[in-house]
Amino acid sequence: MWRYVLRRLLQAIPVFIGTTLLIYAMVFALPGDPIQALAGDKPIPANVLDTLRERYNLNDPLLVQYGKYMWGLVHGNLGENYDGQKVADMLGGRWTVTAQLALTAWIFELVIGIALGVWAGLRRGKVADTLVLGGTTLLIAVPVFVLGYTAQILFGLHWQIFPTAGTDEGWPMSYLLPGMVLGSLGLSYVARLTRTSLAENLRADYVRTANAKGLSRARVVGRHALRNSLIPVVTYLGVDFGNLMGGAIVTEGIFNLPGIGQQVFQSIQLKEGPVVVGAVTVLVLIFLLVNLVVDLLYGLLDPRIRYE
């Protein structure tokens, strides 16, 4: 097992380098001069402009800039924005907000999605199955900003069940409504994956054998069919946690949550490349770590899987 973990960690290194290099190149290829953007329409003296460009390595070739960024990253330094603020300090307080939002959305799609999928999979072709398929299709079709504003108006303003914005009431209350909005798309896919996988496994030979042995319906479904059915679901949930961390820009904007998504959006507008790159770099690390954990969970769900 430890050899497998080490091998996966080594495989993650080129993935991390390639991903961060691509992101770095895309961010710094954006048009406009970020130093000039600091002053707006006011002119900056040429000597000041040159000094600032030299300080932030903007005169270096792209690969040289990236190399200096990676050297700092190895030493725990995410760099500075063009105002001289450390990126780590700017993002520090916002990670908690985004992590709590992503965790709320992830738990929502995990619990409700699997429950709906099992309910539909055990009643394939019946009314319950049709309702789940129809409801999840609707959630997939509705854009997140439409769903967010609609939920905010109905559950926040009209019925006053949840707070409409901000984090004043803390976790989990302030994060329940935005978490459900953010996790609605993932819930749909989890429910459909669970439903399809469970329905297929219920027709498998080992399930017929278990039924022939006289095992109870609950044991056949819970211990045999559902356990194997969750493998593709766990794969999706692992990948989606990283997506939730990075895809919260719209949701954080709608519900006025001061998280990473909001900071990245503001930094893109202000052409603060170091902040964008720093935030995305940490998200890539989280994504790689979660995928490693998911691969390890396969062995718990399916004993046929062995890591050498």
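None of the values given here were measured: they were computed from a predicted structure.
Legend: residues meeting side-chain contact (heavy atoms from CB on, under 4.5 Å) with L21, ordered by chain and number and at least two apart, are L63, Y66. In this view, T104 and W171 satisfy the side-chain hydrogen bond (donor to acceptor under 3.5 Å, both in side chains) rule, not counting sequence neighbours. Listed by chain and number, the residues in a side-chain contact (heavy atoms from CB on, under 4.5 Å) with L10 are L6, I13 (sequence neighbours excluded). With sequence neighbours left out, Q65 forms a side-chain hydrogen bond (donor to acceptor under 3.5 Å, both in side chains) with no residue at all. Evaluation of the side-chain hydrogen bond (donor to acceptor under 3.5 Å, both in side chains) rule for D60 yields K68 as partners, not counting sequence neighbours. Applying the side-chain contact (heavy atoms from CB on, under 4.5 Å) rule to Y236 yields the partners E109, Y189, V190, L193, D240; only residues at least two apart in sequence or on another chain are considered.
I140 and L131 end up in different hydrophobic clusters when Ile, Leu, Val, Met, Phe, Trp and Tyr side chains are linked at under 4.5 Å. No continuous path of ILVMFWY side-chain contacts below 4.5 Å connects L133 to L202, so the two sit in separate hydrophobic clusters. M26 and L283 are not part of a single hydrophobic cluster, where members link through side-chain heavy atoms under 4.5 Å apart. Tracing side-chain contacts under 4.5 Å through hydrophobic residues (I, L, V, M, F, W, Y), one reaches L103 starting from L185; they form part of the same cluster. Both I107 and L257 sit in one connected hydrophobic cluster of ILVMFWY residues. Membership requires side-chain heavy atoms under 4.5 Å apart, directly or through other members.
Looking at V284 and I23, their side chains come closer than 4.5 Å, going by heavy atoms from C-beta outward. Side chains of F287 and T19 form no contact here, defined as non-hydrogen atoms less than 4.5 Å apart. At a threshold of 4.5 Å between non-hydrogen side-chain atoms, the residues S197 and V233 do not count as touching.
Just one of V264, L78, L91 meets the side chain to side chain contact (heavy atoms under 4.5 Å, CB included) condition when paired with V275; it is L91.
G278 approaches V87 most closely through the heavy-atom pair CA-CG1, 4.3 Å. The minimum heavy-atom distance linking P163 with S174 is given by the pair CG-CA, 4.3 Å. F255 and P178 make their closest contact through CD1-CB, 3.5 Å (heavy atoms, listed as atom of the first residue, atom of the second, distance). Here the shortest heavy-atom pairing between A102 and L244 reads O-CD1, 3.7 Å. Taking each heavy atom of M70 and F16 in turn, the nearest pair found is CE-CE2, 3.7 Å. L139 and S188 get closest at one heavy-atom pair: CB-OG, 3.2 Å.
Each salt bridge (Lys or Arg N to Asp or Glu O under 4.0 Å) pair with one or both residues in residues 127-146, not counting sequence neighbours, appears once here: D129-R195.
A 6.0 Å sphere centred on CE of M173 holds more than 12 heavy atoms belonging to other residues, nucleotides or ligands.
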For residues 143-162, which side-chain donor-acceptor pairs fall under 3.5 Å, sequence neighbours excluded?
from, atom 1, to, atom 2, distance (Å)
T150, OG1, V146, O, 2.7
Q152, NE2, T164, O, 2.7
Q152, NE2, I254, O, 3.2

Report, one line per pair, each donor and acceptor closer than 3.5 Å where one atom sits in a side chain of residues 93-100; sequence neighbours left out.
from, atom 1, to, atom 2, distance (Å)
R94, NE, Q263, OE1, 3.0
R94, NH1, G259, O, 3.2
R94, NH1, Q262, OE1, 3.3
T98, OG1, E252, OE2, 2.8
T98, OG1, I260, N, 2.6
Q100, OE1, Y175, OH, 3.0

List, one per line, each side-chain donor-acceptor pair under 3.5 Å for residues 111-127, sequence neighbours excluded.
from, atom 1, to, atom 2, distance (Å)
R123, NH1, W119, O, 3.4

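Note that CG of N201 is 11.0 Å distant from OG1 of T196, once rounded to the nearest 0.5 Å.
Residues near V64 contribute nothing to a hydrophobic cluster around it, because no ILVMFWY side-chain heavy atom sits closer than 4.5 Å to its side chain. Here L289 sits alone; no ILVMFWY side chain lies under 4.5 Å from its own, so it joins no hydrophobic cluster.
The closest side-chain donor-acceptor pair between T281 and Y69 falls under 3.5 angstrom.
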